[in-house]
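Lettering of chains follows the sequences in order, A, B, ..., and the numbering in each one begins at 1.
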There are 2 protein chains.
Amino acid sequence: MLNSYSAADKVLLAVDCIIFGFDNEGLKILLIKRDFEPEKGKWSLIGGFLKRDEVLDNAATRILNTYTGFQDIYMEQLYAYSEIDRDPVERTISVSYYALINIENHNEELIKNYHAQWFSIADAPKLIFDHDEMLEHAIRRLRYRTSIKPIGFELLPEKFTMRQLLELYEAILSKELDKRNFISKINSLEILIKLDEKDMQSSRKGSYLYTFNKEKYEEKLLNDFVLNL
Amino acid sequence: MLNSYSAADKVLLAVDCIIFGFDNEGLKILLIKRDFEPEKGKWSLIGGFLKRDEVLDNAATRILNTYTGFQDIYMEQLYAYSEIDRDPVERTISVSYYALINIENHNEELIKNYHAQWFSIADAPKLIFDHDEMLEHAIRRLRYRTSIKPIGFELLPEKFTMRQLLELYEAILSKELDKRNFISKINSLEILIKLDEKDMQSSRKGSYLYTFNKEKYEEKLLNDFVLNL
DNA sequence: AAAATTAAGTGTAAAAAATACATTAATAAA
DNA sequence: TTTATTAATGTATTTTTTACACTTAATTTT
């Protein structure tokens, strides 16, 4: 019967995480070298299995936390991958999530323990299974989402310069942006607070630091913005 | 161990379909009155379970075909829903798909057999489980996707008038559009063929019929268009 | 102490895109 | 032949986007 509930076709559900980070070298992803079969020794997204009494979102944050020690990280579900032989060991459907990490604060210890490593998007190694497809999909989603939601800030430190923000968007969109036009577009959103503080690392003059004004953003609009960069 | 493959946590995977149709009354969805427990007699999306050796996309098309007789339908995966008690009978994760149907050709027989019925989006009944959330999610996705991909045509007959296309976009976006601006924006995409034929149903003068020029669209660009309506 | 260096910060004019808007055309029915 | 109905069409205005270069502030070098 069409709609019968039956144990016959239960499957394993995995969660794989595309973990994005950003530093002065550009946009990065965190990968692990698998220390178990199959594909032991190959590079892989960070993943795990959904537990019986766990929601997918929780599985994603749990897995992220296990490998990186991070909590309260922005994550978004992407897509369910279900090719029959995508995992050669057993039929496994994987639901991908992407995460945005402020790379400055990552937990070195945990990452080392799991042989995890940050790679520039551009020169990431070939990944196992369908993980390359997941990565590509995640980048597309990230591009779209950052153009309508203020999630880019998740990749930056609490306080950041306009240059950092510009370079972040350049990395995400992988194209050059005009500095003046970028700044005026960002300013027109009116969601940043310009601090009195300056960052003195990058120049002699020093550049003003900004923070994301989450309260203002939230009270401002329920709708998305449109950021045509 | 973190990454062990284990049968312990296998789950049922369902697929639920948000089936959109369009006619002169507007945008519609196809719902069924459940004839089995739980929630027997309530309105529901059309759904079913993933089979062991089946890919999600295939499950979605199979389920759609079973209820409507349709084949070769545009479908897109939306999202995986995994709340613990979303289905009260058993832990079930559901992956939603939306489908775009040319409502003129639907298979009346099959739809009647399954107590299926088209509802205007505006006055759809309360749905079971988390199906209302799925529907809302699907409308959002449909809005976005039709603004960058030529999938609106899937909801129209092979030959259609500009007025039909206009009203389709108005229904999807649920806002009024200026006729002249709409037509010039559509024309600027250069993906329609204006036929010599006219549709005489709607007026004395008759209005030209168009078809989507799929070949031209495909040779034209690998990228998406941007349709700011 | 002056000169050179470096990145920060800032505004405007031109081009392109989006919008608002009203009349004529074709035909069938009365 | 008059009336009624929807189809078809273009332009001027406003808004948005783009392209573009010099001055400022502070440090380092000479």
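- Contact annotation: B:Ser202 reaches the phosphate of D:dA7 (side-chain N/O to OP1 or OP2, under 4.0 Å).
- In terms of polar N and O atoms assigned as donor or acceptor, the side chain of B:Lys205 never comes within less than 3.5 Å of the base of C:dA26 in a complementary pairing.
- The interatomic distance linking B:Leu209 (CG) with D:dA8 (C1') rounds to 15 Å, in whole Å.
- Looking at A:Arg204, its side chain has no donor and acceptor atom pair within 3.5 Å of the base of D:dT28.
- Taking 4.0 angstrom as the limit, B:Arg180 places none of its side-chain polar atoms (N or O) nearer than this to OP1 or OP2 of C:dC21.
- Rounding to whole angstrom units, NZ of residue A:Lys194 and C1' of C:dT10 are separated by 10 Å.
- Across all strands shown, A:Asn228 has heavy atoms under 4.0 Å from sugar-phosphate atoms exclusively, and none from any base.
- Side-chain rings of A:Tyr79 and B:Tyr79 stay apart, their centers remaining 6.0 Å or farther from each other.
- OP1 or OP2 of C:dA26 has not a single side-chain nitrogen or oxygen of B:Lys198 nearer than 4.0 Å.
- A distance of 6.0 Å or more separates the ring centres of A:Phe160 and A:Phe212.
- Side-chain nitrogen and oxygen atoms of B:Lys185 include at least one within less than 4.0 Å of the OP1 or OP2 phosphate oxygen of C:dT19.
- Place A:Met200 and A:Lys179 on DNA chain D by their nearest nucleotides, and A:Lys179 ends up nearer the 5' end.
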